[in-house]
Amino acid sequence: QLRILHHEILISFYGILPVPNFYVYHKPWYRDGAMMALVLEKTGNIDLFKPWSTSVTDLYDRNNKGNCEPDNLGQLAFILSFFKDKNDPVVKSLGEEAKRITVNGCLTGITDYNHHEIYSTLWLKYGLSKLGIDTDFIKIPEKFDSYARMFWMDKSEVETETPFENRYDEINFVLPQ
């Protein structure tokens with residue numbers, strides 16, 4: 001299974017650019033890039049990521065109609081953590097931008113055309129911690145975020161399922177029992 005997963009990740013490079021589908025996309029998405037980095041790290045092939053990740057200078061991928069989506073900051077921090085450190089100029093800019101759009105310790109802004117503060121903030125905390133940057137200023141909000149379940153890399157910060165379990169009861173009738 002790992003070989004199949006690894007193959008799928010490797011064929012999602014368009015030159016040096018990691019893309020979710022090289023037939024359709026010719027520009028990387030940071031979320032997909034971060035997922036690819038997770039697999040490449042686990043398989044000992046993270047160096048395949050170096051040419052692209054060390055050339056990134058934009059803090060946002062701007063793939064959703066040019067929007068600056070806050071989840072990109074944490075995803076980029078994670079991507080950069082393999083080949084850069086907290087003294088790198090891009091990493092410093094990323095930290096400054098994160099502080100600029102943080103309110104009450106939580107990232108603000110729109111991801112995929114909606115508010116996903118928990119998801120974005122979890123990515124930021126994960127990415128900065130991988131860079132060895134203090135994340136004490138980050139506070140995970142206590143509210144519902146439909147994307148929070150998609151952040152599975154570090155569940156130690158927040159319980160995303162228990163308080164909101166009943167929210168999905170209306171779809172249980174279509175799920176196999």
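Predicted, not measured: the structure shown is a model, and the values here were computed from it.
- With K65 contributing its side chain and R62 its backbone, the two residues share no donor-acceptor pair below 3.5 Å.
- With K27 contributing its side chain and D61 its backbone, the two residues share a donor-acceptor pair below 3.5 Å.
- Without hydrogens or angle criteria, T135 side chain to S129 main chain gives no donor-acceptor distance under 3.5 Å.
- Residues forming a side chain to side chain contact (heavy atoms under 4.5 Å, CB included) with Y23 (at least two apart in sequence, or on another chain): N21.
- Residues L59 and V90 have side chains in contact (heavy-atom distance under 4.5 Å, counting atoms from C-beta outward).
- Y14 and F22 have their aromatic ring centers separated by at least 6.0 angstrom.
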* Asked: Where do T108 and T102 land on the side chain to side chain contact (heavy atoms under 4.5 Å, CB included) test, with the steps shown first?
  -> CA-CA 6 Å; T108 60; T102 296; over 6 Å; no
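- Partners of Y126 under the side-chain hydrogen bond (donor to acceptor under 3.5 Å, both in side chains) rule, at least two apart in sequence or in another chain, do not exist in this structure.
- A 4.5 Å side-chain heavy-atom check between P18 and W52 finds at least one atom pair inside the cut-off.
- In this structure, a donor-acceptor pair under 3.5 Å is absent between the side chains of N72 and E69.
- Annotation: side chain of M153 is in contact with side chain of F151 (closest heavy-atom distance under 4.5 Å).
- If you run side chain to side chain contact (heavy atoms under 4.5 Å, CB included) between I133 and each of D85, L94, L124, L128, only L128 comes through.
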* Asked: Can you list the steps and then say if D112 with Y147 is a side-chain hydrogen bond (donor to acceptor under 3.5 Å, both in side chains)?
  -> CA-CA 10 Å; D112 288 344; Y147 270 33; 2.7 Å; yes
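- The side chain to side chain contact (heavy atoms under 4.5 Å, CB included) test applied to P20 returns Y25, W29, D32, not counting sequence neighbours.
- Residues passing the side chain to side chain contact (heavy atoms under 4.5 Å, CB included) test with T54, sequence neighbours excluded: K50, F83, K84.
- Between F82 and L40, the closest side-chain pair of non-hydrogen atoms is not below 4.5 Å.
- Separating the CG atom in L73 from the CD atom in E97 is a distance of 6.0 Å, to the nearest 0.5 Å.
- In this structure, N67 has no side-chain hydrogen bond (donor to acceptor under 3.5 Å, both in side chains) partners at least two apart in sequence or on a different chain.
- Side-chain contact check for I118 versus I140: some heavy-atom pair is nearer than 4.5 Å.
- The side-chain hydrogen bond (donor to acceptor under 3.5 Å, both in side chains) check on T121 picks up nothing, with sequence neighbours excluded.
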